[in-house]
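Before any comments, here is the structure.
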2 protein chains.
Amino acid sequence: MGEQPKGIKKSKTGRKASDVKADLIAVVAAVNNSGPCVLTVEQEAALPSGPFELAHRSLQSGLRDWVEQQTGHSLGYIEQLYTFADRDRIGAERVISISYLALTREEEVTGATRRCWGSWYDYFPWEDHRSGTPPIIREVLRPRLMEWADGAADTATRLERQRRAAVAFGLDERAWNEELALQRYELLFEAGIVEEATRDRRSTELASVPGRPMVADHRRILATGIARLRSKIKYRPVVFELMPPVFTLLQLQRTVEALAGRLINKPNFRRLIEQQELVEETGETSVDTGGRPAKLYRFRHAVLNEGAMAGTKLPLARP
Amino acid sequence: MGEQPKGIKKSKTGRKASDVKADLIAVVAAVNNSGPCVLTVEQEAALPSGPFELAHRSLQSGLRDWVEQQTGHSLGYIEQLYTFADRDRIGAERVISISYLALTREEEVTGATRRCWGSWYDYFPWEDHRSGTPPIIREVLRPRLMEWADGAADTATRLERQRRAAVAFGLDERAWNEELALQRYELLFEAGIVEEATRDRRSTELASVPGRPMVADHRRILATGIARLRSKIKYRPVVFELMPPVFTLLQLQRTVEALAGRLINKPNFRRLIEQQELVEETGETSVDTGGRPAKLYRFRHAVLNEGAMAGTKLPLARP
DNA sequence: CCGCTTATTTTCAGCCTGAGTACAAGCGGA
DNA sequence: TCCGCTTGTACTCAGGCTGAAAATAAGCGG
């Protein structure tokens, strides 16, 4: 469409390529006694972020700098989440947001800097199924989603909306899928059921919207991080980034459950962990928390070197 | 480190955030009779790419525009791969590259524009295991990698390098893992065994380097795309983006084999496809290609709506 | 020693997977 | 025509993994 620059190579087209600003933004996750949480700023309403600057050696190091400056926390494990544009399309200059997921232990409360952890399930109350399906789904979300579906122009769209809602939220006998966290938030946004979708507009009739909102699209980015993490713990040993150096198997299980937002069968969890040889005994046992003392384990860092990529879904032939 | 801007929010720090240029770059994959291939420009030495400009409505639409202008091909399925910086660090201005994976059918040879498909396995001759392990691994890569390992400063590093090479390339009785395409390229780069690693430098003794090189880091991005696709076909029905509207099960199998670079057990492949109800019969049979006529199938687009997210690795408890 | 709590091990049936074998259907040449 | 070749399709079977539940072990307090 439009001109046809023959010079193929980028930035040699003769056009003046428009410069953009690049923002780095972090979802820093941890798990403590009260559950999974995320590192925030501005009264838990924003994720730590800042512009990518000349001084930064790389995108990741820029991110580390910003998070450290804003929260006093230094990051360990980092992985890229997604790169967005088309936000804040104010004026001529555009902003690109490069988002990251970081995992950390919440410890190190040494810093003098303010550090604010927000609970995942304050932002997404419908995501915690550890004590069964949260009432908010049946009592608030389901009716609202049905309203939204009914507001569709034609029948096809209405059925389509109902189906999407049912799949995302496990309605109508469908199974809950904890990995769909992002799709759920986006659906609620589209349906105008989260505050971010309606603010900056004439506030419609929608009164109580579930879940604590965040600045700009930060809650969406958080949902992206949660979805990614929930999916990743299933095929890579990343949970250990969130664990103290020594832990019991039940602690490990509780951490995974906190992230996944659902419960796990205890013997099966142990079997899985042990058969993959992810941990080794320290030889010591925990200072009893009530019943029989539990063995303490540590992560076998060696597994990271074992090309322990599991998981195939295709019937590949053996050599 | 350094200053401690108290104003938390991005772009309010008082610092002048440096602008950057954003490049969009595409790995456009297709499969034809001769195997899996990628859309290229500049004599198959570069991927289509171009700067993100003001005129573009979004990152994706910018990418579509560039690919269409440079190759005459319009894209269907697109997903983001990765965002890099720290390349082309010439002068003060920095470039961010946002890479995408696109899937397409090679058809539509209508365009007057030049369109150039490069075969995956010309760039990565060691990745095609459909006829057994390629000789290049034993005859060229293995010796070179061992040389590289032996060049290590200390024994620990040497063993580490040997292990990494063995895991990546399935040496020493280890199983080949087709999903490690990116790690393999990066390992070869680190070992100086691909041309990109040694060019622009005093050419060392390394003479024949395996695989056709590409401009800048395009071959690395291609490897990223291949790895992503090889992994994704295992849990999402994306293969169909590469298939004609109607096909036989063997054609489908051959396509998957081409992508994965390895063979699949025929009855098991059929069973998997059918039990997931990914396809439906058209009622017709193929114009015989030698043996018994094969039933023709088409993709059941409905599955995309069925929340067909498979795959869990955690023993989650049923409600 | 009993009852309570939590930890750890075993067992078992069902499903999925890799692998092999058998059978069906069209074609071409002897 | 029959045979052999090729490709497509169906069936079988053993092993491994998974979800679920039951059984056993170890500490604590009365």
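In the text below, chain A, chain B and the rest are named by the order of the sequence lines, each starting its count at 1. Just so you know, these numbers come straight off a predicted model, no measurement behind them. Keep in mind that the numbers below use all heavy atoms, side chains included, and drop hydrogens, waters and symmetry copies.
- Of the charged side-chain nitrogens involved, at least one lies within less than 4.0 Å of a carboxylate oxygen, so that A:Glu178 and A:Lys234 count as a salt-bridged pair.
- Each of A:Pro293 and B:Arg271 was matched to the nucleotide of DNA chain D holding its nearest heavy atom; the match closer to the 5' end belongs to B:Arg271.
- When the nucleotides C:dT10, D:dG8, C:dT8 are ranked by their closest atom to the side chain of A:Pro267, C:dT10 comes out on top.
- Atoms CZ (B:Arg270) and C1' (C:dA24) sit 12 Å apart, rounded to a whole Å.
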**Message:** Pair B:Glu127, B:Tyr121 - check side-chain hydrogen bond (donor to acceptor under 3.5 Å, both in side chains), show working.
**Reply:** CA-CA 6 Å; B:Glu127 291 289 346; B:Tyr121 302 131; over 6 Å; no

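- In this structure, CD of B:Gln251 is placed 13 Å from P of D:dT7, rounded to the nearest angstrom.
- Side-chain atoms of A:Arg292 and base atoms of D:dA26 include no donor and acceptor less than 3.5 Å apart.
- Rounded to 10°, the helix from C:dC1-D:dG30 to C:dA30-D:dT1 has 30° between the axis fitted to its first five pairs and the one fitted to its last five.
- Within 4.0 Å (heavy atoms only), A:Leu250 reaches sugar-phosphate atoms of the nucleic acid but no base atom.
- Whole-Å rounding puts the A:Phe269 CZ to D:dA21 C1' distance at 19 Å.
- Applying side chain to side chain contact (heavy atoms under 4.5 Å, CB included) to A:Phe169 and the options A:Leu188, A:Leu180, A:Thr133 leaves one that passes, A:Leu188.
- In this structure, CG of A:Leu272 is placed 10 Å from C1' of D:dC17, rounded to the nearest angstrom.
- In this structure, B:Lys295 places its NZ atom 14 Å from P of C:dA24, rounding to the nearest Å.
- We find that B:Glu257 and B:Arg262 are not joined by a salt bridge, their nearest charged nitrogen and carboxylate oxygen being 4.0 Å or further apart.
- Here D:dT18 presents its P atom at 13 Å from NZ of A:Lys234, a figure rounded to the nearest Å.
- Between A:Gln275 atom CD and D:dT18 atom P the separation is 6 Å, expressed in whole Å.
- Side-chain to base pairing of B:Asn268 with C:dA19: one donor and one acceptor N or O lie within less than 3.5 Å of each other.
- Within a 6.0 Å sphere centred on CD of A:Glu284, heavy atoms belonging to other residues, nucleotides or ligands number 12 at most.
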**Request:** Go through the steps for A:Glu79 and A:Tyr77 under the test side-chain hydrogen bond (donor to acceptor under 3.5 Å, both in side chains), then give the verdict.
**Result:** CA-CA 7 Å; A:Glu79 79 177 62; A:Tyr77 177 93; 2.5 Å; yes

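- The separation between A:Asn265 atom CG and C:dT10 atom P is 16 Å, rounded to whole Å.
- Of the possible polar contacts, none joining the B:Gln253 side chain to the B:Phe269 backbone as a donor-acceptor pair under 3.5 Å is found.
- A:Lys266 comes within 4.0 angstrom of a base, heavy atoms only.
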